[in-house]
Amino acid sequence: MTDTQNTRINEIEDQIALYYEEMKNMKAEITKLQKEKNTIKNKLWKQKNKEHTSEYNKANYQDNKDHIKAKRSELFECECGIACLKTHKSRHLKSKYHINFMEAKTCEPVADA
């Protein structure tokens, strides 16, 4: 192959790479616009169906009241010795008591058996 043919091949490859880069940017822009469109549509739907959704949620709560209350009142026993509601687990794990206990536990020397 001659130098002119090689340079032409390189030019075509560069054009193809540029085309794919432009397509990638266009796809990203399309995705962004679709996300914005869906957000607006969801907001409109929520406003339009607010009453229906509220009634549905109330009926669902009434139908499953016992199950929901049972789930909310489940206890979990932490390794630091505290028993608290499962719904408050992440709050407990961030508490000073739990953090101090776990640090003290990891700092204790291991006794040889």
- Message: Under the rule for side-chain contact (heavy atoms from CB on, under 4.5 Å), what residues qualify as partners of Asn60, not counting sequence neighbours?
- Response: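 Applying side-chain contact (heavy atoms from CB on, under 4.5 Å) to Asn60 gives Asn64.
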What pairs of donor and acceptor atoms, side-chain ones from residues 87-97 against any protein atom, are under 3.5 angstrom apart with sequence neighbours left out?
residue, atom, partner, partner atom, Å
His88, ND1, Arg91, NH2, 3.3
His92, NE2, His98, ND1, 3.4
Ser95, OG, His92, O, 2.6
Ser95, OG, His98, N, 3.3

Pairing residues for [X] by the salt bridge (Lys or Arg N to Asp or Glu O under 4.0 Å) criterion, not counting sequence neighbours:
{"X": "Lys86", "value": "Glu74"}
{"X": "Glu22", "value": "none"}
{"X": "Glu11", "value": "Arg8"}

Sequence neighbours excluded and cut-off under 3.5 Å, please list the side-chain donor-acceptor pairs for residues 30-40, or say none.
residue, atom, partner, partner atom, Å
Thr31, OG1, Lys27, O, 2.8
Asn38, ND2, Gln34, O, 3.4
Thr39, OG1, Lys35, O, 2.8

For [X], what are the other residues in its hydrophobic cluster, where any two members join if their side-chain heavy atoms are less than 4.5 angstrom apart?
{"X": "Phe101", "answer": "Met102"}
{"X": "Leu75", "answer": "Leu85"}
{"X": "Ile12", "answer": "Ile16, Tyr19, Tyr20, Met23, Met26"}

- Item | Qualifying salt bridge (Lys or Arg N to Asp or Glu O under 4.0 Å) pairs with a residue from residues 48-59, counting only residues at least two apart or across chains |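 Found none.
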- Message: Does Tyr56, at its OH atom, have more than 12 non-hydrogen atoms belonging to other residues, nucleotides or ligands within less than 6.0 Å?
- Response: no
- Report yes if the side chains of Thr53 and Trp45 come closer than 4.5 Å at any heavy-atom pair, otherwise no. yes
